[in-house]
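Here the structure comes first, spelled out in C-alpha cells, and everything after it is commentary.
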Amino acid sequence: MKKLLVTGGAGFIGANFVYHMLDTRPDVRLVCVDSLTYAGNMSTLARAMADSRFTFYRQDIRDRAGIDAIFDREKPDAVVNFAAESHVDRSIEDPALFLQTNVLGVQVMMDACRSHGNIRFHQVSTDEVYGDLPLDRPDMLFTESTPLHASSPYSASKAGADLLALAYHRTYALPVTVSRCSNNYGPYQFPEKLIPLMIANCLADKPLPVYGKGLNVRDWLYVEDHCKAIELILEKGRIGEVYNVGGHNEMRNIDIVKLICGELHKPESLITYVTDRKGHDLRYAIDPTKIRDELGWVPETAFADGIKSTVRWYLDNRPWWEEIVSGEYRDYYERMYANR
Ligand code: NAD
Ligand code: TYD
C-alpha cells in the first residue's frame with residue numbers, strides 16, 4: 001500500500017484532499033502533518049481520525065528535527081505540501097510568518113525528502129504567483145510560462161517556494177512537481193475567505209464588506225476538482241514541471257456576493273463597500289491547456305452547482321463555522337473590518 005504524507009491536512013484544501021483520497025483510493029495510506037494554526041481544525045478531520053488508513057501528527061513544518069523524525073518513522077512514498085499561511089489580508093499585516101512557513105517550511109520538507117531517499121514532492125501553489133491581469137483584456141490568461149510577478153507578501157512567499165522547489169529539482173534531482181491553482185471554494189473553507197465570509201455574514205444579517213468597487217475578478221474552481229488535479233499530477237505528472245489548474249470560470253466579486261444573497265434570500269442592501277485591499281490584484285485567469293492535454297484533467301463541477309452545494313454545506317454544518325466565528329476570529333474580524 002502506498003503511503004502519502006500530506007501537510008496542512010487540517011485546512012481547507014488539504015482536508016478535502018484527505019477525504020478525496022480516503023474515499024476513492026483504498027490502495028493509499030495517509031499521514032497528515034499539521035501544526036493546527038488558527039486555520040487548522042481537528043473537527044474537520046473527525047471522520048478521517050476514525051479511519052485506520054489515516055495517521056495525524058501535530059507538527060510544524062518549520063521544525064526540522066520534528067519533520068525528520070516523522071519521515072524516519074513513517075517512510076512516506078510521496079509528499080504533498082498544502083501547509084501554508086494562505087490569507088492575503090493577514091500577509092499584509094504580518095509578512096514574516098508567511099516567509100517562515102511558506103518558504104522556509106517548504107525547504108525543510110524538501111530537505112527531508114532528499115535525506116530520506118529522494119522522495120517525490122508535490123508543491124501546492126497558486127495562480128497568485130503570476131501577479132494580476134488587466135480587467136479589459138479577456139484574451140490574456142496565465143500560462144505556465146507567464147513570468148512570476150507577485151503582488152502581496154502571500155503571493156511573493158508562494159512564488160519563492162515555487163522557485164525553490166524547481167531549483168531543488170534542477171540542483172539535486174529531487175522529483176518535484178508544482179501546481180498553480182485558481183481560487184477554490186467548497187466545504188471546510190475558513191470563513192475569512194470571500195465566499196464563506198459572505199455566507200456567514202448573510203446568515204447573521206451582518207454587512208457584506210466588498211473591497212473597493214467589487215469589480216476584481218477571480219477564477220473559481222470547486223475544491224474537489226483541484227484535489228483530482230493534484231492526484232493526477234502525483235501519478236502522471238512530468239517531474240520538474242509546473243501545471244496550471246483552473247476551470248475558465250471568471251467572476252467579479254460583486255456578482256458572487258449578489259449570487260450568495262440570492263441563494264440565501266437576503267437583501268442586497270447588506271452589501272457595504274469598504275476601503276480596498278492594499279495592492280489588490282485586479283484579475284486572475286488560468287489557461288489550463290497543459291494539464292488538460294497532458295493529463296486529461298477537466299473540471300467536473302459547474303459553478304452554478306458548486307456554489308449551491310457549498311451554500312447548502314454551510315447551512316447544514318453551522319456548528320463547524322459558528323464555533324470558528326465565535327472564537328479568536330472575532331478579534332481578527334474586528335481588526336480587519338472595523339472602521340474600514
Ligand atoms: P488553509 O489556510 O485553509 O489551511 C492551511 C493549513 O496549513 C492549516 O491546517 C494550518 O494549520 C496548516 N499550517 C499552516 N502553517 C503550518 C506550519 N508551519 N506547519 C504545519 N502546518 C501548518 O489553506 P488552504 O486554502 O487549504 O490552502 C492550502 C494550500 O493551497 C496553500 O498552500 C495555498 O497557498 C494553496 N492554494 C489555495 C487556494 C485557495 O483558494 N484557498 C488556491 C490555490 C492554492
Ligand atoms: P479571498 O477569498 O481573500 O482570496 P484571494 O485574495 O486570495 O483571491 O478574496 C477573494 C476576492 O474577494 C478578492 O478580490 C478580495 C475580495 N474580498 C472582498 O471584497 N471582501 C472580503 O471581505 C474578502 C475576504 C475578500
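Whatever order the structure lists ligands and atoms in, that order sets their numbers, starting from 1. Predicted model, so just to flag it, every value in this text is computed and none were measured.
In this structure, R90 is positioned above the aromatic face of Y38, its NZ or CZ under 6.0 Å from the six-membered ring centre and within 45° of the axis.
Scanning I13, T126, V33 for the heavy atom closest to atom 38 (C) of ligand 1 points to I13. Residue nearest to atom 5 (C) of ligand 1, selected from S155, G66, A84, A83: A84 (by heavy-atom distance).
Taking 4.0 Å as the cut-off, T7 does not count as a neighbour of ligand 1 on heavy-atom distance. Contact analysis puts S182 in contact with ligand 1, with a non-hydrogen atom separation below 4.0 angstrom. Under the 4.0 angstrom criterion for non-hydrogen atoms, Y154 is not in contact with ligand 2. At least one heavy atom of S125 lies less than 4.0 angstrom from ligand 1. Assignment of E128 to the shell around ligand 1 is not supported, since no heavy atom sits closer than 4.0 Å.
With a heavy-atom cut-off of 4.0 Å, H87 does not touch ligand 1 at all. Of the heavy atoms in T101, only side-chain atoms (C-beta onward) come closer than 4.0 Å to ligand 1. Of all the heavy atoms of D127, none lies under 4.0 Å from any atom of ligand 1, so neither backbone nor side chain is involved. With a 4.0 Å cut-off on non-hydrogen atoms, R62 touches ligand 1 through its side chain and not its backbone.
Near N183, the atoms of ligand 2 lying under 4.0 angstrom from a non-hydrogen atom of the residue are 4 (O), 5 (P), 8 (O).
Looking at D60 next to ligand 1, an N or O pair under 3.5 Å apart turns up. Looking at F82 next to ligand 1, an N or O pair under 3.5 Å apart turns up. Note: an N/O pair closer than 3.5 Å links T37 and ligand 1 by distance alone. An N or O contact shorter than 3.5 Å links Y154 to ligand 1 by distance. Looking at E128 next to ligand 2, an N or O pair under 3.5 Å apart turns up.
If you check the side chains of E128 and Y284, you find a donor sitting under 3.5 Å from an acceptor.
Between W313 and W320, a ring centre-to-centre spacing shorter than 6.0 Å is recorded.
Nearest to atom 43 (C) of ligand 1 among the protein's heavy atoms is C181 O, 3.4 Å.
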